Colleague: 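Sharing a structure below in structure tokens format, with a few things to ask.
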Number of protein chains: 2
Amino acid sequence: MPQVRPMRADARRNYERLLKAAVAAFAEHGENASLDDIAKRAGVGAGTLYRHFPTRQELLEAAYVDHFQALGARAGELARELSPGEALMAWLNELCVATIQVRGLKSLLGSAVADGGSVARTACGASVQGAAARLVEAAQQEGVLRADLEPIEVLRLAHGVATASELADGQGREIQRYLTLLVEGLRPQQAGG
Amino acid sequence: MPQVRPMRADARRNYERLLKAAVAAFAEHGENASLDDIAKRAGVGAGTLYRHFPTRQELLEAAYVDHFQALGARAGELARELSPGEALMAWLNELCVATIQVRGLKSLLGSAVADGGSVARTACGASVQGAAARLVEAAQQEGVLRADLEPIEVLRLAHGVATASELADGQGREIQRYLTLLVEGLRPQQAGG
DNA sequence: ACCTGAACACCGTTCAAGT
DNA sequence: ACCTGAACACCGTTCAAGT
């Protein structure tokens with residue numbers, strides 16, 4: 001393990017200023033917020049931004065790492081409070097709400113579940129995938145979820161539900177309905193089902 | 001009805017060149033292809049592009065109108081060849097394939113089913129929505145599709161399935177599987193269902 | 001009525017010079 | 001080792017001048 005050298009004081013301060021400015025800018029303008037503007041807001045040169053965050057993706061991940069961790073932690077809470085099936089549904093619902101309502105988060109969540117996505121093994125992707133794996137497996141053992149589903153497939157389908165809900169009203173009032181449709185299927189329900 | 005004045009000969013020629021260049025550029029670089037490059041390829045000034053197509057969206061719609069009409073026509077063919085349930089499934093499958101595989105088409109299909117989308121009442125949006133309405137209603141009358149579904153909801157969910165499939169492999173090998181999951185639901189299948 | 005292309009504003013990215 | 005900010009390339013959009 002190579003020692004991680006501590007940052008020089010000015011570097012550390014600039015890093016934190018950049019992160020703070022990025023969080024604000026992404027929240028305000030979405031994932032395509034101007035990098036130049038972020039550097040300006042942080043009071044640093046453009047080159048300094050690139051030194052700390054060579055790609056927009058890396059800056060996005062750093063800006064949203066708290067959200068990802070919160071989603072992961074939330075899975076544990078729900079698993080303690082609810083039955084496996086209910087916990088999975090409740091968590092997917094919150095995931096979809098965050099996907100739509102937290103500006104800039106959607107593309108990051110998308111790449112966290114994309115095939116070969118660069119985020120897949122970062123802290124961000126890992127926490128969401130780990131949470132999904134635990135909830136999905138518990139629901140499968142209870143027999144309330146198809147056994148042939150991979151956790152990442154459930155995440156991808158939830159991303160699809162969020163996308164569909166976003167098309168419906170841009171806010172997320174249809175998330176519950178579309179999630180239910182996904183779980184129950186589009187075929188007519190059996191009487192007494 | 002105001003008479004539509006025929007275009008001046010040079011204007012008409014430029015319009016067609018722009019459209020041809022746009023089709024090629026969108027196919028090559030996706031929906032964000034450079035407008036400046038399109039004008040250059042067409043051999044016209046940038047201003048001429050804006051005169052004919054004031055927004056990127058309008059140029060996109062013009063470039064993909066054939067695809068939309070083909071999708072609409074395809075619904076009729078499938079309705080003649082298959083049962084209502086099968087026709088709907090087959091058409092949604094083709095729709096998802098086009099969503100993923102035809103470069104530049106996805107965002108246009110998205111806005112065609114978005115709430116209050118500007119495309120909703122253009123020829124593009126109308127042909128897809130009309131096709132979906134006929135297939136959905138036929139399937140509902142056969143009793144193979146939930147009666148509480150609006151056609152546009154089915155289109156939105158299909159867009160979600162396409163998105164999920166795109167995350168899976170970028171091509172569409174999972175479309176059939178994810179569509180089936182949507183129709184049958186994520187709950188375990190009943191024995192003999 | 002339509003076209004051209006220069007002009008402007010904005011953004012991402014790099015890099016020489018500075019500390 | 002890190003920072004600054006000018007420089008470059010690229011793009012979208014507008015508009016004065018031209019036919």
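In this text the structure is predicted, and so the values were computed from the model without any measurement. Sequence lines set the chain letters: A, B, ... in the order given, protein chains first and strands last, and positions in each chain run from 1.
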Colleague: Taking only side-chain nitrogens and oxygens of A:His52, does any of them come within less than 4.0 Å of OP1 or OP2 of D:dC3?
Modeller: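 Indeed, a polar side-chain atom of A:His52 lies that close.
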Colleague: Which pairs count as side chain to side chain donor-acceptor pair (under 3.5 Å) when at least one residue sits in residues 17-30 of chain B, sequence neighbours excluded?
Modeller: B:Glu28-B:Arg41
Colleague: Any sub-3.5 Å donor-acceptor pair from A:Gln140's side-chain atoms to A:Leu149's backbone N or O?
Modeller: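 Indeed, once roles are kept as given, a pair shorter than 3.5 Å links the two residues.
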Colleague: Nearest whole angstrom, please: distance from the P of D:dC3 to the CZ of A:Phe53.
Modeller: 11 Å
Colleague: In whole Å, what is the span from the NZ atom of B:Lys40 to the P atom of C:dT4?
Modeller: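 About 12 Å, once rounded to whole Å.
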Colleague: How does protein reach along nucleotides 12-19 of chain D, written 5' to 3' as B (base within reach of a heavy atom under 4.0 Å), S (only sugar-phosphate), or - (no contact)?
Modeller: SBBB----
Colleague: Whole angstrom is fine here: how far is it from CD1 in B:Ile38 over to C1' in D:dC10?
Modeller: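 Interatomic distance, CD1 of B:Ile38 to C1' of D:dC10: 15 Å.
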Colleague: Mind pulling the stems DNA chain C is in, i.e. runs of at least three Watson-Crick or G-U pairs, everything under 3.5 Å?
Modeller: C:4-8 with D:12-16, C:12-16 with D:4-8
Colleague: I'd like to check the salt bridge (Lys or Arg N to Asp or Glu O under 4.0 Å) partners of B:Glu184; sequence neighbours left out, ordered by chain and number.
Modeller: A:Arg146
Colleague: Would you mind telling me which of A:Glu166, A:Gln101, A:Glu31 makes a side-chain hydrogen bond (donor to acceptor under 3.5 Å, both in side chains) with A:Lys106?
Modeller: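 It is A:Glu166; the other options fail the test.
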Colleague: Which atom pairs, one a donor and one an acceptor, fall under 3.5 Å between side chains of residues 82-92 of chain A and the rest of the protein, sequence neighbours left out?
Modeller:
{"unit_1": "A:Ser83", "atom_1": "OG", "unit_2": "A:Glu86", "atom_2": "N", "d": "3.3"}
{"unit_1": "A:Ser83", "atom_1": "OG", "unit_2": "A:Glu86", "atom_2": "OE1", "d": "3.2"}
{"unit_1": "A:Glu86", "atom_1": "OE1", "unit_2": "A:Ser83", "atom_2": "N", "d": "3.4"}
{"unit_1": "A:Trp91", "atom_1": "NE1", "unit_2": "A:Leu71", "atom_2": "O", "d": "2.9"}

Colleague: Of all residues at least two apart in sequence or in a different chain, which pass the salt bridge (Lys or Arg N to Asp or Glu O under 4.0 Å) check with A:Arg56?
Modeller: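 Partners of A:Arg56 by the salt bridge (Lys or Arg N to Asp or Glu O under 4.0 Å) criterion come out as none, since no residue qualifies.
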Colleague: Mind listing the residues from residues 14-25 of chain B sitting with a heavy atom below 4.0 Å of DNA chain C? Number order is fine.
Modeller: B:Asn14
Colleague: Can you list everything that forms a side chain to side chain donor-acceptor pair (under 3.5 Å) with A:Arg177? Sequence neighbours excluded, please.
Modeller: B:Glu153
Colleague: Using the side chain to side chain contact (heavy atoms under 4.5 Å, CB included) criterion, which residues pair with A:Ala73? Sequence neighbours excluded.
Modeller: none
Colleague: Name all residues meeting the salt bridge (Lys or Arg N to Asp or Glu O under 4.0 Å) criterion together with B:Arg13; count only those two or more places apart in sequence or in a different chain, and write none if there are none.
Modeller: none
Colleague: For A:Arg51 and D:dA1, give me the distance from atom CZ to atom C1', rounded to whole Å.
Modeller: 7 Å
Colleague: Under the side chain to side chain contact (heavy atoms under 4.5 Å, CB included) rule, collect the residues that match up with B:Asp36, sequence neighbours excluded.
Modeller: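 By the side chain to side chain contact (heavy atoms under 4.5 Å, CB included) rule, B:Asp36 matches B:Ser34, B:Lys40, B:Ala46.
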Colleague: Could you state the CG-P distance from B:Leu49 to C:dC3, rounded to the nearest angstrom?
Modeller: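 Between P of C:dC3 and CG of B:Leu49: 11 Å.
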Colleague: For A:Tyr64, which residues count as a ring pair (Phe, Tyr, Trp, His ring centres under 6.0 Å) partner, sequence neighbours excluded?
Modeller: A:His67
